J.: 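Once you've had a glance at the structure underneath, I'll fire off some questions.
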Amino acid sequence: MKQRLVQYIGKALQGCFDQQQLHSGVMPEIGLEVPAHTEHGDFSTNIAMAMARAEKKAPRKIAEAIVAALGDGDGMWDRIEIAGPGFINFYLTPRCWFGMLDEVYRQGELYGRTHTGAGRKVQVEFVSANPTGPLHIGHGRGAATGDAVAAVMTAAGYEVQREYYINDAGNQMLTLGRSLLLRYRELLGEAVDFPTDCYQGVYIIDLAREVLEQEGERLRNLPEDEALRFFSEYGGGKIRDGIEDDLAAFGVHFDNWYSEQSLYDRQEVERGIALLQERGLTYEKEGAIWFRTTDYGDDKDRVLVRSNGATTYFASDVAYHKEKFDRGFDTVIDVWGADHHGYVPRMKAVLAGLERNPQDLQIILVQLVNLLRDGQQVAMSTRSGEFVTLREVIDEVGRDACRFFFLMRRSDSQLDFDLELAKKQSNENPVFYVQYAHARVCSINRNAEEQGMTIPGQGQVDFDCLTLEDELMLTKLLSRYPEVVDGAAANFEPHRIVFYLQELAARFHSYYNKGRVIIDDPEVSQARLYLINCVRTVLHNALVLLGVSAPDRM
RNA sequence: GCGCCAGUAGCUCAGCUGGAUAGAGCAUGUGACUUCUAAUCACAGGGUCGAGGGUUCGAGUCCUUCCUGGCGCGCCA
């Protein structure tokens with residue numbers, strides 16, 4: 001709809017230039033928006049004002065010329081008005097709007113897909129929690145956000161891959177192994193002094209017990225390094241599997257699990273460092289190798305190789321991101337906890353060092369989650385091992401509520417997650433509100449079928465039967481859905497889908513309460529059924545993007 | 001000290017990349033179930049958009065200086 005209008009305006013502008021009505025000859029970008037107030041029409045453009053400077057002419061004069069050139073639009077609009085300082089407002093015909101319902105019907109589950117991404121390859125890397133413990137609630141928000149961003153971008157026509165980066169190299173795996181080994185010995189009755197820098201959580205003890213049951217006491221007499229290797233690998237693998245299970249329970253599935261260790265095994269880390277060295281972006285100081293990230297806006301240079309010869313986490317990140325682009329992605333998106341925001345400048349510097357546009361890497365920072373129960377904060381501390389796991393929250397409040405809550409706010413604002421509220425089956429809970437709208441349509445469908453009616457298809461209804469203001473409003477809202485998807489994709493903001501859903505559900509509930517869909521007049525009933533099933537389609541499609549189910553009854 | 005993010009109704013938050021009279025949910029108050037699901041709806045009150053200055057036809061949105069809160073500033077991962 002919007003696109004068609006933009007084309008008309010473009011044509012009119014060209015006409016004005018050709019006929020010397022306007023002189024600057026510069027085709028401006030045509031901004032078309034839905035005005036906040038319905039009195040200002042269905043669409044509004046500010047181009048006359050935007051052109052005022054170049055044309056050296058009053059905006060309203062320019063608007064008049066454009067409007068004159070627009071003609072009648074083949075019945076697309078009732079009227080066009082020039083308003084305020086020079087807005088051009090379009091009032092489209094109901095017939096034109098209701099035609100959009102056929103689009104929704106025809107495309108069905110595909111309605112809302114666009115070609116904006118033009119098949120460009122995008123990778124979304126998210127969660128990427130260390131395999132040293134189970135996922136907690138904060139990871140859940142990252143998972144919901146990353147998955148929804150990937151879904152939204154897929155809908156917008158990008159080719160998207162979901163990737164999980166496993167930090168399975170370095171000290172932490174040894175620490176995990178040591179933690180397990182010590183707990184194992186403890187279970188065998190040894191007196192163990194469990195260090196504070198080991199992982200404190202009870203899941204470590206559970207894992208150690210598992211090992212004991214499977215392997216017996218034989219590991220006790222293994223040489224230390226051999227035992228450590230066993231426990232590291234065993235623990236890392238088990239915890240990784242657990243993470244994968246938890247994510248599956250959350251409805252999140254990755255296309256690829258990428259091992260950090262594999263970068264070392266394939267000498268990618270060395271290659272990455274060498275590449276930066278060849279380009280003269282590094283130097284040696286005090287026995288360490290530094291990357292001059294300050295050249296690209298970072299506030300300090302960063303170490304790649306420590307004076308003891310060990311590479312840093314940053315070094316493998318250089319290799320990892322280099323390798324991502326080698327795999328042919330046009331855009332790479334990293335979803336990080338907001339506490340890592342200090343790493344953004346150095347990662348952007350990596351892009352510059354790789355001679356890529358820093359814009360090709362987008363970093364979504366997800367703020368921390370404040371877990372509440374009845375308004376009281378739930379204390380959490382990863383260190384002490386006292387934290388609420390994602391699995392516990394899914395089990396308690398359900399996957400739908402959990403996902404919806406995580407996506408209700410823009411990701412860079414902090415989120416209060418109240419367990420009691422998320423569980424409540426009441427009007428305080430926005431998840432059910434939206435799902436209920438979907439279930440209601442299904443319920444009406446069942447009712448209609450019981451009365452011997454069939455749900456109408458395209459061409460089987462007379463739009464002239466849709467005479468109510470609410471019916472027109474609903475239709476307009478449905479027609480905006482693809483733009484909402486585009487906007488959410490372009491800005492990496494899945495919460496826009498949530499807000500749209502709430503608005504659509506509200507409009508539908510309101511419509512439902514004002515009158516009945518099925519009335520004595522079969523033609524009107526048919527038209528209304530057609531409309532509300534378009535609503536159902538869009539509710540369903542949008543919920544799917546968020547990973548939330550669309551139930552048929554509640 | 002430096003940097004990043006935030007500050008909008010009593011509370012939690014939107015605000016479509018600078019547009020017209022700043023919105024929603026919750027909470028509060030009143031009303032609607034012999035009617036396709038009341039997990040719903042209708043109506044009402046509620047604002048110095050943290051503060052000051054600037055940019056322009058026009059600022060919640062951009063620049064700047066303060067104030068407040070969160071986070072980050074390792075040859076850790």
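Chain identifiers are assigned alphabetically (A, B, ...) following the order of the sequence lines, protein sequences preceding nucleic acid strands; residue numbering begins at 1 within each chain. Nothing here was measured: the structure is a model prediction, and the numbers come from that model.
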J.: Please check the phosphate of B:A14 (OP1 and OP2 only) for any side-chain N or O of A:S413 closer than 4.0 Å.
T.: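 Yes, within the criterion.
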J.: With hydrogens left out and only the distance checked, is there a donor-acceptor pair under 3.5 Å joining A:E286's side chain and the base of B:C75?
T.: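 Indeed, a donor on one side and an acceptor on the other fall under 3.5 Å apart.
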J.: Is any side-chain nitrogen or oxygen of A:Y433 closer than 4.0 Å to OP1 or OP2 of B:C41?
T.: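 Yes, A:Y433 has a side-chain N/O under 4.0 Å of OP1/OP2 on B:C41.
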J.: Kindly say if A:R346 contacts the phosphate of B:C73, meaning a side-chain N or O under 4.0 Å from OP1 or OP2.
T.: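 False: A:R346 side-chain N/O out of range (4.0 Å or more) of B:C73 OP1/OP2.
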J.: Check whether any side-chain N or O of A:Y511 sits under 4.0 Å from OP1 or OP2 of B:C41, and answer yes or no.
T.: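 For B:C41, OP1/OP2 do not have a side-chain N/O of A:Y511 under 4.0 Å.
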J.: Does the side chain of A:H495 get closer than 4.0 angstrom to OP1 or OP2 of B:G15 through an N or O atom?
T.: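 For B:G15, OP1 or OP2 has a side-chain N or O of A:H495 closer than 4.0 Å.
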J.: Out of B:C13, B:U37, B:G19, which has the shortest distance to the side chain of A:Y436?
T.: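 Nearest to the side chain of A:Y436 among the choices is B:U37.
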J.: Roughly how far apart, to the nearest Å, are B:G45 and B:C62 at atom P?
T.: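 My reading of the P atoms in B:G45 and B:C62 gives 32 Å.
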J.: Pick from A:V498, A:L415, A:V366, A:V393: which one makes a side-chain contact (heavy atoms from CB on, under 4.5 Å) with A:F406?
T.: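 Of all the options given, the one that passes is A:L415.
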J.: Can you find an N or O donor on one side and an acceptor on the other, under 3.5 Å apart, linking the side chain of A:S44 with the base of B:A20?
T.: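 Looking at the base of B:A20, it does pair with a donor or acceptor on the side chain of A:S44 (distance under 3.5 Å).
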J.: May I ask whether A:H40 stacks on the base of B:A20, given the cut-offs of 5.5 Å between ring centres and 30° between planes?
T.: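 Yes, A:H40 stacks on the base of B:A20, since the ring centres sit under 5.5 Å apart and the planes are within 30°.
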J.: Considering only the P atoms, how many Å lie between B:A6 and B:G18, rounded to the nearest integer?
T.: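 Roughly 15 Å separates the two P atoms.
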J.: Does a side-chain N or O of A:S510 approach OP1 or OP2 of B:A42 to a distance below 4.0 Å, or not?
T.: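 Result: yes.
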J.: Please tell me if A:R306 has a side-chain N or O lying less than 4.0 Å from either OP1 or OP2 of B:A77.
T.: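 True: A:R306 side-chain N/O within range (under 4.0 Å) of B:A77 OP1/OP2.
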J.: In whole Å, measure the gap between the C1' atoms of B:G47 and B:U21 for me.
T.: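 Taking atom C1' in both B:G47 and B:U21, they lie 14 Å apart.
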J.: Hey, is A:F87 doing a stacking thing with B:A20, by the 5.5 Å centroid and 30° angle criteria?
T.: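 Yes, aromatic ring over the base.
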J.: Tell me the interatomic distance from A:L32, atom CG, to B:G18, atom C1', rounded to whole angstroms.
T.: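 Between C1' of B:G18 and CG of A:L32: 16 Å.
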J.: Within the modelled atom types, does a donor on one side and an acceptor on the other bring the side chain of A:N46 and the base of B:A20 under 3.5 Å apart?
T.: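 By the distance-only test, no, there is no pair.
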J.: Can you check whether A:K514 has a side-chain N or O nearer than 4.0 Å to OP1 or OP2 of B:A32?
T.: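 Checking A:K514 against B:A32: no side-chain N or O falls below 4.0 Å of OP1 or OP2.
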J.: If I compare all heavy atoms of A:A527 with all of A:C465, which pair ends up nearest, and what's the gap?
T.: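 Shortest heavy-atom separation between A:A527 and A:C465 comes out as CB-CB, 3.9 Å.
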J.: Determine the interatomic distance between C1' on B:A9 and the same-named atom on B:C49; round to the nearest Å.
T.: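 One C1' to the other, the span is 11 Å.
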J.: Quick check: closest heavy atoms across A:G337 and A:L365, and the distance to 0.1 Å?
T.: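 Taking A:G337 first and A:L365 second, the nearest heavy atoms are O-CD2, 4.1 Å.
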J.: If the C1' atom of B:G46 is compared with that of B:A51, how far apart are they to the nearest Å?
T.: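 That atom pair is separated by 23 Å.
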J.: For B:A39 and A:R440 - does any side-chain N or O of the residue sit under 4.0 Å from the phosphate oxygens OP1/OP2?
T.: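 So the side chain of A:R440 is outside the cut-off, no N or O lying under 4.0 Å from OP1 or OP2 of B:A39.
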J.: Which stems does RNA chain B form, counting runs of 3 or more consecutive Watson-Crick or G-U wobble pairs with both distances under 3.5 Å?
T.: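 RNA chain B forms these stems: B:1-7 with B:67-73, B:10-13 with B:23-26, B:28-32 with B:40-44, B:50-54 with B:62-66.
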J.: With a 3.5 Å cut-off and just heavy-atom distances, do the side chain of A:S443 and the base of B:C36 make a donor-acceptor pair?
T.: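 Flag unset: no donor-acceptor pair detected.
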